[in-house]
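Nothing here was measured: the structure is a model prediction, and the numbers come from that model.
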Amino acid sequence: MAMLKAELDDPVTALAELDVLLEERLARYNNPLHPEVIRTRFGQARVIARTGDVETAAALLRQVRDDRARVLGEDHPDTLAAQAELDGLSETDR
């Protein structure tokens, strides 16, 4: 739902919901490197990029990419998706 809200031009609500979801997932899995926790952080980075804060989004995406590579492997589709999202950020905006 949070990502849908972001796509419907409500990034503030989306980020608030993702913050809550991140807290819930951290409490549930008790592991900051659990794939669901990392997935939530990936969503946060994507929404932040939509707000125009490319520098923060890029930093978060690099962390997500590195964590996914560590947990899932360099060639895992989720790792590659994080790299693709990072690559998609405009070089001139960084």
Side-chain angles (χ1 to χ4, degrees):
M1 290 300 294
M3 296 310 293
L4 179 59
K5 288 179 183 177
E7 290 184 28
L8 294 172
D9 261 355
D10 190 1
V12 173
T13 301
L15 284 172
E17 290 182 6
L18 286 167
D19 287 345
V20 170
L21 181 60
L22 181 61
E23 288 179 31
E24 290 172 355
R25 286 185 169 172
L26 282 168
R28 177 178 184 181
Y29 297 112
N30 198 29
N31 178 0
L33 294 178
H34 188 281
E36 290 299 320
V37 173
I38 298 171
R39 180 171 297 149
T40 305
R41 292 176 29 233
F42 179 63
Q44 288 175 316
R46 290 177 62 211
V47 174
I48 289 169
R50 285 176 167 264
T51 69
D53 188 353
V54 177
E55 186 175 321
T56 300
L60 293 172
L61 285 168
R62 281 191 289 277
Q63 292 172 352
V64 166
R65 178 205 54 210
D66 294 347
D67 288 345
R68 283 181 167 175
R70 185 178 312 116
V71 173
L72 303 171
E74 293 284 337
D75 295 325
H76 190 278
D78 289 351
T79 305
L80 298 175
Q83 183 62 53
E85 194 76 26
L86 183 59
D87 292 343
L89 295 178
S90 171
E91 291 289 327
T92 60
D93 290 335
R94 287 192 208 173

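By the side chain to side chain contact (heavy atoms under 4.5 Å, CB included) test, L26 is found to be paired with L22, P32, V37, residues two or more places apart in sequence or in another chain being considered. Among residues two or more places apart in sequence or in another chain, the side-chain hydrogen bond (donor to acceptor under 3.5 Å, both in side chains) test is passed with R68 by none. Residues passing the side chain to side chain contact (heavy atoms under 4.5 Å, CB included) test with A49 are A57, L89, sequence neighbours excluded. Looking at residues two or more places apart in sequence or on another chain, you find a side-chain hydrogen bond (donor to acceptor under 3.5 Å, both in side chains) between D19 and Q44. For the side chain to side chain contact (heavy atoms under 4.5 Å, CB included) test, residues two or more places apart in sequence or in another chain that qualify with E36 are R25, Y29, H34, R39. Residues satisfying the side-chain hydrogen bond (donor to acceptor under 3.5 Å, both in side chains) test with T56, not counting sequence neighbours, are D53. With sequence neighbours left out, R70 forms a side chain to side chain contact (heavy atoms under 4.5 Å, CB included) with L33, D67.
Of all heavy-atom pairs between L86 and R65, the closest is CD2-NH1, 3.2 Å. Across A82 and V64, no two heavy atoms sit closer than the pair CB-CG1, 4.0 Å.
Side-chain contact check for L60 versus F42: every heavy-atom pair is 4.5 Å or farther apart.
Formation of a donor-acceptor pair under 3.5 Å by the T79 side chain with backbone atoms of G73 is found in this model.
If you take CD on E85 and CG on D87, they are separated by 10.0 Å, rounding to the nearest 0.5 Å. In this structure, CG in D78 is found 13.5 Å from CD in Q83, a value given to the nearest 0.5 Å.
Using a 4.5 Å cut-off between side-chain heavy atoms of Ile, Leu, Val, Met, Phe, Trp and Tyr, with links allowed through other members, L61 and V54 fall into the same hydrophobic cluster.
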